[in-house]
Amino acid sequence: MTTDLDFAVAAYTEDGNWTVTPLVLRGEPDLSALVSALRRFPGEGGVLGMVSVDEDFFVLVRVAGGRARLLISDVTAATEWPIARQVVDELDIPLADDDDEQVPAGDLAILADLGMSAMDLGALCDDVDLYPEEMLEEIAEALGFGNQFHDAIEAVG
């Protein structure tokens with residue numbers, strides 16, 4: 001099955017200014033390819049990868065130094081999507097059942113130092129009325145790069 005990737009972007013700051021750029025992931029996107037792609041970008045506080053899959057869930061990856069921090073918006077996606085399963089495996093949490101609650105997993109404090117608290121991020125992930133793209137848009141707005149995010153998404157679409 002081919003993953004229906006809505007989009008993948010990298011966001012990072014240089015001299016206090018955000019840059020958001022589309023990521024080109026060839027073939028079936030996987031976590032290691034995503035992390036490798038993100039490592040190529042500069043960024044004082046690391047680089048943030050934002051991936052939306054099939055209007056179903058999103059993955060945030062923050063690469064700083066040698067470390068990658070992860071958040072997936074819905075653990076149940078791992079039963080269906082390879083990249084979601086890789087995130088769940090990397091987080092070392094049990095695979096959810098299809099009938100389990102759709103909850104986020106990983107590092108909810110991944111953006112805390114950038115201006116979005118773990119509580120706010122958790123509440124956003126719990127909003128069942130929002131598509132992943134809308135959630136990522138809210139994150140981008142909260143962190144101060146909403147316009148750049150929107151432009152990058154338009155470039156992809």
Side-chain angles (χ1 to χ4, degrees), residues 3-26 29-78 81 83-84 86-88 90-91 93 101-157:
T3 297
D4 293 320
L5 197 64
D6 299 322
F7 61 83
V9 298
Y12 57 92
T13 58
E14 281 187 299
D15 302 323
N17 297 315
W18 281 100
T19 299
V20 182
T21 184
L23 281 174
V24 178
L25 301 174
R26 307 226 183 281
D30 74 15
L31 187 58
S32 62
L34 177 60
V35 170
S36 294
L38 291 171
R39 286 192 199 284
R40 292 197 292 268
F41 292 95
E44 293 137 6
V47 60
L48 181 64
M50 306 171 91
V51 181
S52 175
V53 180
D54 196 42
E55 297 183 351
D56 188 26
F57 67 98
F58 71 79
V59 175
L60 289 180
V61 181
R62 187 161 176 204
V63 177
R67 204 164 143 241
R69 296 165 65 187
L70 303 169
L71 177 74
I72 185 166
S73 63
D74 173 12
V75 291
T76 64
W81 303 102
I83 192 167
Q86 292 162 4
V87 171
V88 166
E90 187 67 27
L91 292 170
I93 56 176
E101 199 177 338
Q102 294 185 3
V103 294
D107 188 352
L108 280 171
I110 191 169
L111 305 173
D113 62 319
L114 298 174
M116 187 168 214
S117 72
M119 189 181 294
D120 288 345
L121 189 53
L124 182 62
C125 290
D126 289 342
D127 190 336
V128 294
D129 293 330
L130 293 178
Y131 284 105
E133 180 175 341
E134 295 169 314
M135 292 180 186
L136 291 173
E137 209 169 294
E138 284 203 28
I139 291 168
E141 293 286 340
L143 301 186
F145 59 87
N147 291 340
Q148 296 94 319
F149 175 82
H150 188 72
D151 292 346
I153 300 309
E154 291 297 307
V156 174

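Note that the structure is predicted; figures quoted are calculated from it, not measured. This chain uses plain numbering: 1 for the first residue, then up along the sequence.
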Which atoms form the tightest heavy-atom contact between [X] and [Y], and what is the distance?
X	Y	answer
Leu23	Ala37	CD2-CB, 4.2 Å
Asp107	Arg69	OD2-NE, 2.6 Å
Pro42	Glu14	CG-OE2, 3.5 Å
Tyr131	Glu134	N-OE1, 2.7 Å
Leu31	Gln86	N-OE1, 2.7 Å
Ala152	Val20	CB-CG1, 3.6 Å

- [ ] Determine yes or no for a side-chain-to-main-chain donor-acceptor pair under 3.5 angstrom, with Ser73 supplying the side chain and Phe58 the backbone.
- [x]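 Here the side-chain-to-backbone pair exists.
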
Task: Any side-chain heavy-atom pair of Met50 and Leu60 under 4.5 Å - done: yes

Open item on the list: With rounding to the nearest 0.5 angstrom, report the CG to CZ distance, Leu34 to Arg39.
Closed with: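 Those atoms lie 10.5 Å apart.
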
Task: Reported CG-to-CG distance for the pair Asn17 and Asp15, which is rounded to 0.5 angstrom - done: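 Here the rounded value is 6.5 Å.
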
TODO: Could you give me the CA-CA distance, side-chain angles and deciding distance for Leu48 and Leu143, then say whether side chain to side chain contact (heavy atoms under 4.5 Å, CB included) is met?
DONE: CA-CA 11 Å; Leu48 181 64; Leu143 301 186; 4.1 Å; yes

Open item on the list: More than 12 heavy atoms of other residues, nucleotides or ligands under 6.0 Å from CG of Asn147: yes or no?
Closed with: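 Counting other residues, nucleotides and ligands, CG of Asn147 stays at 12 neighbours or fewer.
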
TODO: Could you point out which residue of Leu71, Ile110, Leu70 forms a side chain to side chain contact (heavy atoms under 4.5 Å, CB included) with Arg62?
DONE: Ile110

- [ ] Test Val47 against every option in Leu38, Val35, Thr13, Thr21 by the side chain to side chain contact (heavy atoms under 4.5 Å, CB included) rule and name the one that passes.
- [x] Leu38

Open item on the list: Can you list everything that forms a ring pair (Phe, Tyr, Trp, His ring centres under 6.0 Å) with Phe145? Sequence neighbours excluded, please.
Closed with: Trp18

